[in-house]
Structures are given as C-alpha cells and as structure tokens.
Amino acid sequence: MATTLLVQSRFFNNSNYTPENAPLKQLNIPMTRNPGVETRSRSSNRTRLRKNPSKPSKTVIEPGTLTLTRALQSLVDSGSMDGAVSLFDKINCLDTYIWNVMIRGFTNNGLFREAVDFYRRMERGGFRADNFTYPFVIKACGGLLWSSGGEMVHAKLFKCGLDWDVYVCNSLIVMYMKVGCVECAERVFDEMPVRDLVSWNSMISGYHIVGDGMSSLMYFKEMQKHGMRHDRFSVISSLGASSSERCLKSGKEIHCQAIKSRLEMDVMVQTSLIDMYSKCGNVEYADRVFCRIFSRNVVAWNAMIGGYVLNAHFFESFTCLKKMQEDDKLSPDAITMINLLPSCAQLGALMEGKSIHGYAIRKGFLSHLVVETALVDMYGRCGELKMAECIFESMTEKNLVSWNAMIAAYTQNGQNKKALKLFQDLWSKSHEPLIPDAITFASVLPAYAEIATLGEGRQIHALISKLGLVSNTFISNSIVYMYAKCGDLHIARKLFDGILCKDVISWNVIIMAYAIHGLAKISIQLFNEMREKGVNPNGSTFVSLLSSCSISGMVDEGWDYFNSMRRDYGIEPGIEHYGCMIDLLGRGGNLDQAKHFIEEMSLLPTAKIWGSLLTASRKNNDIVSAEFAARHILSFEHDNTGCYVLLSNMYAEAGRWEDVERIKGLMEKEGLEKTVSCSVVEKNGKAHQFINQDSSPNKLHMIYTVSDILSRKIGEDIYVHTVTKFRPQNLLRKRSKSPPNHSVRLAISFGLISTNIGDPVLVRNNTRICEDCHNAAKKISEITQRELIVGDPKVFHHFRNGHCSCGDYW
DNA sequence: CAGGAATGTG
C-alpha cells in the first residue's frame with residue numbers, strides 16, 4: 001500500500017478509490033533517469049577504478065582463448081566495468097579487439113572520461129585504433145561535450161584514412177550536433193561518400209537536439225527524395241521536431257507516413273505521436289493514439305498524463321494516473337510526478353501535492369532535482385511557503401529553474417523582501433555562477449515593483465539590458481509596471497512607447513500605471529487607442545480600467561465600462577472586477593448599494609471584497625458597516641492585521657475606548673502586532689528609511705526640526721490631534737505618536753532638504769497614509785511649492801499646490 | 001571466432 005501513489009478521491013465523483021483498495025506495490029522503479037543517482041554511481045566507479053589502475057597480478061592468464069574475451073564482453077555488457085577492468089589487467093597479451101571491448105564498455109555505461117583515458121593508453125601502448133574504436137571514442141567526446149577533443153580525433157581520422165567510414169562519420173555527425181557545432185556536422189554529412197539511413201537519422205535528430213526543428217523536418221522530407229526509406233528512428237525524431245515547432249500539419253503528415261510504413265503500432269512511435277499531438281494542442285488525437293496502444297508502458301502513460309496537464313485538462317491527468325495504477329498495475333515514476341505536480345499547483349490541490357511528495361519520499365525519488373523543483377513550485381503556488389522553503393534549502397543540487405521557482409514562490413506569496421534577497425543570493429551563493437534568465441526576471445520584477453526604490457529599479461533595468469533581455473515583451477511589460485510602481489510614470493510611458501511588439505498585457509500595464517497615479521483620463525485614452533490598434537481587451541484590461549475609474553473617482557465611467565465588458569466584449573466579470581466596483585460605490589458614498597452589490601454578485605465574496613467594503617465604511621465613517629465587513633474578513637483571515645488596526649482606529653476616533661481595548665486584546669491573543677509604518681526616500685541613489693517616531697541616528701535631529709517648522713507653518717497644532725483623537729490621560733504618551741512624527745512626514749522633510757529646489761520629492765510607504773498626514777502633505781506642497789509624490793501599497797498621491805491627485809479618497 | 005552509429009515521457 002505504502003508504495004502506491006495516493007490521490008485523494010475527491011476528484012473522482014463516483015469513485016470508490018480509497019487508499020485501502022489502491023493497487024499494491026510495483027517494485028520496478030526505473031532510477032536511471034535520476035541524474036543525481038547516476039552521477040554519484042559514476043563517480044564512485046571512477047574513484048574505485050583510479051585507485052587500482054593497473055595492478056600487477058601474479059596470475060597471468062594465457063591469451064588465445066576465446067573464453068577470456070567472451071568473459072570480458074559479458075562483464076562489459078552487464079555494466080560491471082570494475083570487474084572488466086580487473087580482468088583486463090590480468091590479460092598479458094592485448095590486441096586492438098580487447099581494447100575496443102573496454103572502450104565500448106565505458107562509453108555504453110556513460111563513463112566517457114574513462115573511455116577517453118583508455119583510448120589514450122591504447123595509443124601509448126602502440127595499438128592502432130581502428131574503424132571499430134573511433135565510433136566509441138567520438139561518442140565519449142560527445143558525451144563529455146568536449147568539442148576540442150572531438151575535433152582532435154576527427155583530425156586523426158584523415159591520417160589513418162578512416163574519414164570515409166560510414167559508422168565513423170555517423171558518430172561524428174551526432175557528436176558535432178551534441179556539442180552544438182551544426183556546421184561541422186553538415187560538412188561531415190555533405191562530404192560523406194556514402195550515406196546510409198543512420199546518417200540521415202542522425203541529421204534529423206541532430207537538428208532536433210540543437211532546436212532547429214524546421215531543418216529536421218526538411219531533412220526528413222529530403223531523405224525520401226533521395227530514395228531513402230525511413231524507419232522508426234526517423235519517425236520518432238521528426239515527430240519530436242514537429243512538437244517543438246508546434247507544427248500539427250507536419251506531425252499529421254508523418255503520422256500518415258508511419259501508417260503507410262506499418263510503424264504506427266510501434267510503442268515508441270505511438271508515444272512520440274501522443275507527445276506531438278499534445279504539444280500541438282490536440283489532446284483528443286493524443287488520446288486516440290493512446291487508446292490504440294497494445295501494451296502501455298510507463299513512458300506512454302507519462303506522455304498521456306503530460307499531455308493532459310499541458311492542455312490544462314487537470315482532472316483527466318489524475319484520472320489517467322488512477323487508471324495507470326489500477327488497469328495496468330504500473331507504478332508512477334519520477335516523470336509521472338513531474339507531470340502531475342503542476343496539475344496540483346493549477347488546481348490548488350494541496351492534498352494531492354502532499355500525497356505525491358510523500359510518495360516521492362517513500363520511493364526514494366528525492367533527491368531528484370526536477371522532482372524537487374516541481375515540489376517547490378507546487379507548494380509555492382498552493383501558498384505553502386514554508387514547505388517550499390524547506391525543500392529548496394534541503395536540495396543538494398540546484399539549477400536556475402529551482403532558483404526561479406523559489407523566487408516566484410516568494411513573490412506569489414507577497415514575501416517581496418525574501419524574493420529580492422534570494423535573487424541577490426543567486427549571484428553569490430549558487431554553486432556555480434548562474435546567469436539569471438527571462439524567467440528569473442519575470443519572477444523577481446513584481447517584487448521590485450512592490451518594494452524597490454527607483455534607484456534599485458534602474459539597476460535591475462540596467463542588468464536586464466546588459467543581458468540582452470529587454471526585447472522580451474513579457475519582461476518589458478514588467479519593467480514598465482515596475483517603474484510606474486516605483487514612482488516614475490514618465491519613464492514607464494517612455495518604455496511602453498518603445499515596446500515594438502505590444503501585446504494585450506503591455507496595454508493593461510500602462511493603463512494600470514496611469515490608474516495608480518490617479519490619471520484615469522489618460523487610462524481611458526489609452527484604452528481607446530488600444531482598441532483602435534485592433535488589440536482585443538481581456539479581463540485584466542477591465543481590472544486596470546475599473547481600478548482607474550475608482551481611484552480617480554469617475555463613478556459613471558466605471559459603471560459604463562462594467563456594463564460594457566459583458567455586453568460588448570463577452571467578458572464575464574470576475575471577483576477582481578467586483579472588487580473595483582465596490583471601491584467605486586464606496587467612493588460614491590453609497591454603502592448600502594455596495595452591500596447590496598455584494599449580495600447580488602454571482603461569485604462568492606472573498607476577503608478582498610469585504611476589505612473594499614471596510615475601506616468604504618471607514619471613509620464614510622460607518623462603524624456598523626465596518627464591523628459587518630470586518631467580521632467577514634476575519635472569518636477568512638483571522639490574522640488580518642490591517643483589518644484590526646483599521647477598526648481600532650475607527651473606534652478611537654469615535655471615542656469608544658473599551659472597543660479599542662477589546663481589539664487590542666484580540667490582536668494580542670492572535671499574536672499580531674501593528675505593522676510598523678515605514679517610508680523610504682532616496683538621496684544620491686541611496687535609500688533612507690524612516691519609521692514612525694524614528695529615533696535612531698543623530699542626523700534625525702535636523703529632520704525633526706524641519707518637520708516641526710513645517711508643522712507650524714501649515715498651522716498644525718500637534719495638541720489638536722491628541723485632544724480629538726486620543727484619550728486625555730494618554731495625552732503625553734500619545735504626543736510622540738502624533739502625526740507630525742509619522743514616518744511619511746520625516747521622509748518628506750528629509751526629501752525636501754536633500755533634493756534640488758523645484759524637483760519633486762518621492763516617498764514610498766508600506767502602509768496607507770493617514771488623514772492628518774494627507775492634509776499636511778497638501779499644505780506642505782502649497783507652502784514649499786514642491787511636488788510631493790507619496791506612494792502607498794495601492795496608489796500614488798501627487799500633492800501639488802495644496803491638492804492631491806487622489807481627490808481625497810484612498 | 002567476434003565488435004561499431006541513431007530512438008519515445010520533464
């Protein structure tokens with residue numbers, strides 16, 4: 001029982017599948033695909049071999065008998081190279097044939113280094129390598145990705161006149177393709193006096209290996225023109241090329257050829273067909289081929305399961321797993337899990353994911369680099385960040401994909417600081433230096449957008465340019481959004497204008513950029529421009545657009561777009577659209593309408609929806625509605641700090657001190673602490689951080705002085721707040737917590753004295769700005785005649801001449 | 001007296 005992969009039965013409606021009646025153990029677990037295990041066994045072989053390279057033996061076996069070579073061959077064929085080496089050492093009359101057996105043995109067992117070593121020893125010993133030796137030596141060079149070694153051997157071939165041997169040339173083609181030297185392979189192929197089927201197949205598979213599927217398909221056609229009949233290898237390779245080129249048409253053609261040449265019932269051909277049809281998006285055809293397979297093996301099942309996952313048929317992928325275990329009594333292997341884990345991630349099926357994890361542990365599939373990476377990804381997407389971290393840290397070997405998965409797990413779960421930290425570790429702490437790729441940046445840029453300073457944003461932008469990844473539209477979109485979120489809307493726009501291939505996301509991002517800066521008119525303008533350019537809006541476009549209307553208080557326009565999305569574009573409103581609408585209604589001050597709207601919604605309200613109602617209640621000073629919203633939020637997220645704090649502030653303003661205490665008690669019980677407000681200002685590219693009533697460094701004295709002067713200048717009496725907002729008996733204690741000492745104010749003061757007169761002051765804040773600071777900032781912008789830009793987690797406030805771009809609703 | 005090249009699922 002313990003060896004069977006349990007998948008919880010909740011996916012299978014009328015299933016009686018339980019752990020108890022699950023198929024029993026199948027013990028043949030192929031481990032050969034486990035790179036970790038393979039490497040280790042190889043290296044242990046290597047060390048053992050090196051310890052006793054050629055131990056002189058007393059028992060000298062007389063040559064001349066066939067039995068000796070036969071024995072050596074059977075050792076080599078069974079993979080016991082240790083035994084072969086010790087037998088070899090006892091032979092005192094060597095010949096080329098015996099050397100060839102050894103070299104073949106090493107190469108076929110993946111011991112390429114040893115194969116090359118033996119080849120060298122052979123030559124030094126005065127034995128002539130022949131046409132049988134070279135194919136193995138060349139294959140070993142290919143296996144080591146050692147192109148210069150391969151070239152040296154190639155040069156030798158001319159001397160001994162073996163450069164025309166078909167077998168040798170075919171090996172050369174494969175070797176050159178493997179090391180990526182397409183031109184060399186082509187030259188060998190072109191200059192061959194005689195080409196056989198393997199020569200053609202090697203070209204077809206070689207082009208597929210280097211990622212040139214089109215050439216691969218071309219050679220498949222070309223070989224028929226040359227009167228060369230294809231075999232299963234030609235079909236398998238060219239089907240692989242069709243898959244990687246997503247070319248259903250050529251795939252179908254090859255399928256027809258395979259039927260004509262009676263290859264369609266070959267399991268490997270069928271598996272390749274399943275893969276091709278799935279990758280070309282036609283999972284129905286894949287299923288049809290699968291049903292025709294006579295005897296299905298794990299590879300075929302895996303291809304089918306992978307096909308379902310690739311085409312987002314997640315439930316079917318699990319049904320398939322169940323059938324594989326029950327009908328064919330086959331055990332899932334590492335690849336089955338690698339296929340299924342993304343399915344769990346997509347379905348949010350944490351139980352199934354954990355079950356796969358447990359199975360992997362029991363079967364000894366850990367550590368398997370790809371399985372572990374898939375687990376990190378799955379746990380990250382299911383919100384189990386701790387588990388993702390735990391697996392990532394335990395991994396003995398990590399590649400770039402693993403790092404990318406962990407970085408993405410952090411950003412997806414809002415752990416932006418950790419994401420940035422890990423991204424930096426990628427340079428310093430990864431085993432061999434890893435160069436981040438497009439996926440890395442796609443994963444880390446959202447974290448930069450949330451918490452980076454403009455200077456840090458510029459740095460990452462420079463790095464991306466240096467690595468030549470700016471032409472990637474996906475990355476460009478993220479950069480545009482990052483600049484907008486870091487406060488530089490102008491650069492964001494400039495970069496957006498420069499994107500050559502704008503996709504719908506590019507437009508969504510720029511509409512959102514103007515939204516968060518409170519410029520809904522431009523958002524709408526861009527939306528119209530997008531439609532004129534023939535780009536079809538999607539659901540996210542309307543999230544951007546509705547957000548823009550709600551942030552800028554354009555209630556009527558918001559309603560128009562909300563109604564239009566279904567009517568004119570056939571897009572059903574999702575939960576995010578409803579959220580925007582509640583913000584919009586709250587902004588209009590109509591709380592009852594907002595509540596009614598939530599009731600009427602076709603979707604179940606989430607914590608975020610109630611959060612919008614809470615914000616609206618706060619803005620409209622409606623404690624009853626706020627309590628109503630808060631109750632719902634806390635039923636989803638009992639640890640929602642923001643919800644407690646907001647409610648507590650409302651009670652405090654109403655003078656309901658018992659309730660303030662009650663909330664305080666609740667928070668203590670939950671072990672929650674109020675988020676420390678933190679504001680960041682940059683000076684000469686260096687970030688300066690401030691927290692409420694910051695008292696750390698001495699230089700702050702001057703900033704407090706500036707803050708006090710500003711406070712008095714704008715006619716703000718610090719005692720006024722304390723009297724109206726806080727309990728009289730706590731007046732002295734609360735004085736230090738009064739708004740003039742809030743982090744935003746310190747940051748603004750610092751910004752004003754450390755930037756050039758006339759330049760705007762940019763502040764980033766991790767919490768929403770309070771009403772007093774908002775009022776103060778408006779006045780400060782007026783008396784100093786400076787633009788103050790304060791970004792909070794949702795919007796940017798542009799304070800200019802005593803007004804704020806948010807229209808006093810945020 | 002013998003031995004050689006190419007292949008499907010992440």
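So you know, we letter chains A, B, ... as the sequences are listed, proteins then strands, and number each from 1. It should be emphasised that the depicted structure is a prediction, and the values quoted were computed from it without experimental measurement.
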What is the distance from [atom1] of [X] to [atom2] of [N], rounded to the nearest Å?
{"X": "A:Asn170", "N": "B:dT7", "atom1": "CG", "atom2": "P", "answer": "12 Å"}
{"X": "A:Ile138", "N": "B:dG4", "atom1": "CD1", "atom2": "P", "answer": "16 Å"}
{"X": "A:Arg296", "N": "B:dT9", "atom1": "CZ", "atom2": "P", "answer": "18 Å"}
{"X": "A:Ile173", "N": "B:dA5", "atom1": "CD1", "atom2": "P", "answer": "15 Å"}
{"X": "A:Leu172", "N": "B:dA6", "atom1": "CG", "atom2": "C1'", "answer": "14 Å"}
{"X": "A:Tyr277", "N": "B:dG8", "atom1": "OH", "atom2": "C1'", "answer": "16 Å"}
{"X": "A:Met177", "N": "B:dA5", "atom1": "CE", "atom2": "P", "answer": "19 Å"}
{"X": "A:Lys139", "N": "B:dT7", "atom1": "NZ", "atom2": "P", "answer": "8 Å"}

Quiz item: How about A:Asn170 and A:Asn201: does a side-chain donor come under 3.5 Å of a side-chain acceptor?
Solution: no
Self-check item: Polar side chain donor-acceptor pair, A:Ser242 to A:Ser250, under 3.5 angstrom
Solution: yes
Please determine, for the side chain of [X], which listed nucleotide ([options]) has the closest atom?
{"X": "A:Ser202", "options": "B:dG4, B:dA6, B:dA5", "answer": "B:dA6"}
{"X": "A:Tyr97", "options": "B:dT9, B:dA2, B:dG4", "answer": "B:dA2"}
{"X": "A:Arg104", "options": "B:dG4, B:dG10, B:dA5", "answer": "B:dG4"}
{"X": "A:Met268", "options": "B:dA6, B:dG8, B:dA2", "answer": "B:dG8"}
{"X": "A:Thr271", "options": "B:dT9, B:dA6, B:dA5", "answer": "B:dT9"}
{"X": "A:Val168", "options": "B:dG4, B:dT9, B:dG8", "answer": "B:dG4"}
{"X": "A:Phe132", "options": "B:dA5, B:dA6, B:dG3", "answer": "B:dG3"}

Quiz item: Using the rule for Phe, Tyr, His and the six-membered ring of Trp, do A:Tyr167 and B:dA5 stack at under 5.5 Å and under 30°?
Solution: no
Base, sugar-phosphate, or nothing: which does [X] touch, judged by heavy atoms less than 4.0 Å apart?
{"X": "A:Asp165", "value": "base"}
{"X": "A:Phe136", "value": "sugar-phosphate"}
{"X": "A:Asn100", "value": "base"}
{"X": "A:Lys279", "value": "sugar-phosphate"}
{"X": "A:Asp130", "value": "base"}
{"X": "A:Val267", "value": "base"}
{"X": "A:Val174", "value": "sugar-phosphate"}

Quiz item: Partners of A:Ser244 by side chain to side chain contact (heavy atoms under 4.5 Å, CB included), sequence neighbours excluded?
Solution: A:His208
Self-check item: N/O (side chain, A:Lys178) to phosphate O (OP1/OP2, B:dA6) under 4.0 Å
Solution: no
Quiz prompt | Ion pair check, A:Arg104 and A:Asp77, cut-off under 4.0 Å | solution = yes
Quiz item: For the side chain of A:Asp231 and the backbone of A:Phe233, is there at least one donor-acceptor N/O pair under 3.5 Å apart?
Solution: yes
Quiz prompt | Contacts of type salt bridge (Lys or Arg N to Asp or Glu O under 4.0 Å), residue A:Lys260, not counting sequence neighbours | solution = none
